[in-house]
Amino acid sequence: MKAHPMAGDVIIAALLAALESISLFATIGGVHPLAYWLVGLGLLGPLVIRRRDPLLAAYLILAAGLVQLLTHGPSPDGVDARIRVGDIALGIALYTTVAYVGRRQGALYVVWLTIGVGAWATWRMTLPESILPTLVIVVIFAFCWVLGEFSGARRAYHLEVERRLALLETERDQQARIAVGQERARIARELHDVVAHAVSVIVVHADGAAYAVRSQPEVAERAIRTISATGREALTELRRLLGVLRSDEGETDRTPQPGTQSISDLAERVRATGVPVQLDLAGELDDLPAGVGLGIYRIVQEALTNTIKHAGPGATAAVEVRRVGDRVELDITDLGPGTTRVGLTAGGNGLIGMRERANVFGGTLQAGPHADGGWRVRAVLPVTTA
């Protein structure tokens, strides 16, 4: 019935029509005036559309009830004054108005009902005779009003629950989209760090090998081996990241992520490009959370990559990673002739990525020209927050 409410209303109207017919035929011996049939149709017919158009149905029923005032009562063929079964439609109309439209329309409908019932009682009955029928009518309509209030409150509650469920589903979908966006941003940062560092190292070694291939073949051979090793490492990390994209559960993520223990290898690769790197690791760095270790490694990697790309020939770099209590302090400086960092001062992707990595763990990062020349990157990452 909930899926097809009109079907239920048709059944109610048909049941009341059957009871109305039995009652009328029993009263006058099987013969009934046409006016009673028309009024009965006016009272019960609109019940079929009462939930689709409550106000229209209610006032059609009320109009039929007012017409009934002219036909209801003593007549030449002996029909008695009484309350018809079809009058129940007036109570159903009041219930429907209160439940589906609201109290204001329900109160207005009660006013019209009161006028009609009062006119009927005054016209058809004396005062003592009208007391009991009036009380019965008042009780019936009061019950219909209370039932309509209860049903309306219940409908409003269910509508509110459905609205909130829809809102929660929308919020859940939005959170899922935000999570996907954050994960894509993280992977984009990883890809940027891996590719930028590897390509920078490969380009520097390729240039060196091109110059030394004839005069210093052993140097060229060493540079080519470095290019090969750097390319393989970059491919391994790229496969790991692409595996995360292909698998929701990360089943292909078998390669361990780099951390603070890999900074020494990173510095050695940068030294192989011709940039001297002074490395200073202090404090308990081996027991850091994996995420913090990866963030530290990526910040150092991006800073050294910028040194290779922008510091110019003869540049040097110094990397200091120190754990002090519940925080890790990073200080990466370089000295070289290329002090103008195109794309860094304007907020390039590398600098944005480093700042985002620091912010993820509640840390801070500052990057800019050093007072003594060159470039300095300083970051502080709390360990307890991570």
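Heads up: numbering here begins at 1 and tracks the sequence. Here the structure is a predicted model, which is why all the values come from computation and not from measurement.
Around atom CZ of Arg155, more than 12 heavy atoms belonging to other residues, nucleotides or ligands sit under 6.0 Å away. Heavy atoms of other residues, nucleotides or ligands lying less than 6.0 angstrom from CD of Gln366 number 12 at most.
In terms of heavy-atom proximity, Val292 sits nearest to Leu288 at CG1-CD1, 4.5 Å. Scanning both residues, Leu304 and Ala317, for their nearest heavy atoms gives CD2-CB, 4.0 Å. Pairing each heavy atom of Ala64 with each of Val39, the nearest pair is O-CG1, 3.8 Å. The minimum heavy-atom distance between Ile332 and Val300, with the atom names listed, is CD1-CG2, 4.3 Å. For the residue pair Val277 and Ala267, the shortest heavy atom distance occurs at CG1-CB, 4.0 Å. The two residues Pro289 and Val383 make their nearest non-hydrogen contact at CD-CG1, 4.0 Å.
Here the side chains of Val10 and Leu47 are not in contact, with every heavy-atom distance at 4.5 Å or above. Taking 4.5 Å as the limit, some side-chain heavy atom of Arg51 sits within range of a side-chain heavy atom of Tyr100. Considering only heavy atoms from C-beta on, Val161 stays 4.5 Å or farther from Leu159 through its side chain. Residues Leu330 and Val377 form no side-chain contact, since every pair of their non-hydrogen atoms from C-beta on lies 4.5 Å or further apart. Within the 4.5 Å cutoff, side-chain heavy atoms of Asp331 are placed close to those of Arg376. Side-chain contact check for Asp326 versus Pro382: every heavy-atom pair is 4.5 Å or farther apart. Two residues are said to be in side-chain contact when any heavy atoms from C-beta on lie closer than 4.5 Å; Asp280 and Val321 fail this criterion. At least one side-chain heavy atom of Arg103 sits less than 4.5 Å from a side-chain heavy atom of Glu149.
The pair Glu218-Arg222 does not count as a salt bridge, with every side-chain nitrogen at least 4.0 angstrom from each carboxylate oxygen. A salt bridge links Arg327 with Glu329; the closest basic N to acidic carboxylate O contact falls under 4.0 Å. Between Asp286 and Arg323, no side-chain nitrogen of the basic residue sits less than 4.0 Å from a carboxylate oxygen of the acidic one, so the salt-bridge criterion is not met. The pair Glu221-Arg225 meets the salt-bridge criterion, with a side-chain N (NZ, NE, NH1 or NH2) lying under 4.0 Å from an Asp/Glu carboxylate O. The existence of a salt bridge linking Arg172 and Glu169 is excluded, since no basic side-chain nitrogen approaches an acidic carboxylate oxygen closer than 4.0 Å.
For the atom pair CD1 (Ile299) and CZ (Arg355), the distance works out to 11.5 Å, reported to the nearest 0.5 Å. From Ile140, atom CD1 reaches atom CG of Leu90 across 10.0 Å, with rounding to the nearest 0.5 Å. Atoms CG and CG, on Leu43 and Leu60 in that order, are 10.5 Å from each other to the nearest 0.5 Å. With rounding to the nearest 0.5 angstrom, the CD atom of Gln278 is 13.0 Å from the CG atom of Asp334. Note that CG of Leu381 and CG of Leu365 are 8.5 Å apart. Values are rounded to the nearest 0.5 Å. Between the CG atom of Leu19 and the CD1 atom of Ile88 there is a distance of 7.5 Å, given to the nearest 0.5 Å.
Val270 and Ile227 are members of different hydrophobic clusters when ILVMFWY side chains are connected at heavy-atom separations under 4.5 Å. In the hydrophobic cluster analysis, where Ile, Leu, Val, Met, Phe, Trp and Tyr join through side-chain heavy atoms closer than 4.5 angstrom, Ile92 is grouped together with Leu108. Tracing side-chain contacts under 4.5 Å through hydrophobic residues (I, L, V, M, F, W, Y), one never reaches Trp145 starting from Val139; they form parts of separate clusters. In terms of hydrophobic clustering, with Ile, Leu, Val, Met, Phe, Trp and Tyr side chains grouped at heavy-atom distances under 4.5 Å, Ile61 and Leu55 are assigned to a common cluster. Cluster membership for Trp375 and Leu279, using ILVMFWY side-chain heavy atoms within less than 4.5 angstrom, is shared.
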Check your understanding: Where do Val98 and Cys144 land on the side chain to side chain contact (heavy atoms under 4.5 Å, CB included) test, with the steps shown first?
Key -> CA-CA 9 Å; Val98 175; Cys144 291; over 6 Å; no
Check your understanding: What do the steps show when you test Leu113 against Phe141 for side chain to side chain contact (heavy atoms under 4.5 Å, CB included), and what is the final call?
Key -> CA-CA 9 Å; Leu113 281 175; Phe141 287 161; 3.9 Å; yes
Practice item. Begin from the C-alpha positions of Arg50 and Thr96 and carry the test side chain to side chain donor-acceptor pair (under 3.5 Å) through to its verdict. Key: CA-CA 7 Å; Arg50 70 182 184 92; Thr96 304; 2.8 Å; yes
Exercise for review: Begin from the C-alpha positions of Thr260 and Tyr297 and carry the test side chain to side chain donor-acceptor pair (under 3.5 Å) through to its verdict.
Suggested key: CA-CA 6 Å; Thr260 53; Tyr297 178 87; over 6 Å; no
Exercise for review: Kindly determine whether Ile296 and Ile263 satisfy side chain to side chain contact (heavy atoms under 4.5 Å, CB included), including the steps that lead there.
Suggested key: CA-CA 9 Å; Ile296 293 171; Ile263 295 178; 3.9 Å; yes
Review point. Where do Glu268 and Arg271 land on the salt bridge (Lys or Arg N to Asp or Glu O under 4.0 Å) test, with the steps shown first?
Key: CA-CA 5 Å; Glu268 192 62 35; Arg271 291 189 190 106; 3.0 Å; yes
Review point. Going through the distances and angles, do Arg164 and Glu160 end up as a salt bridge (Lys or Arg N to Asp or Glu O under 4.0 Å)?
Key: CA-CA 6 Å; Arg164 292 194 177 188; Glu160 179 66 17; 3.0 Å; yes
Check your understanding: So Val328 and Val380, side chain to side chain contact (heavy atoms under 4.5 Å, CB included) or not? Walk me through it.
Key -> CA-CA 6 Å; Val328 178; Val380 178; over 6 Å; no
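Checking side-chain atoms of Asp53 against main-chain N and O of Ile49 turns up no donor-acceptor pair under 3.5 Å. Under the 3.5 Å distance criterion, the side-chain polar atoms of Thr97 are matched with a main-chain donor or acceptor of Ala93. When atom types are taken as modelled, the side chain of Ser228 and the backbone of Ile224 share no donor-acceptor pair closer than 3.5 angstrom.
Taking the centre of each ring, Tyr59 and Tyr109 come in below the 6.0 Å mark.
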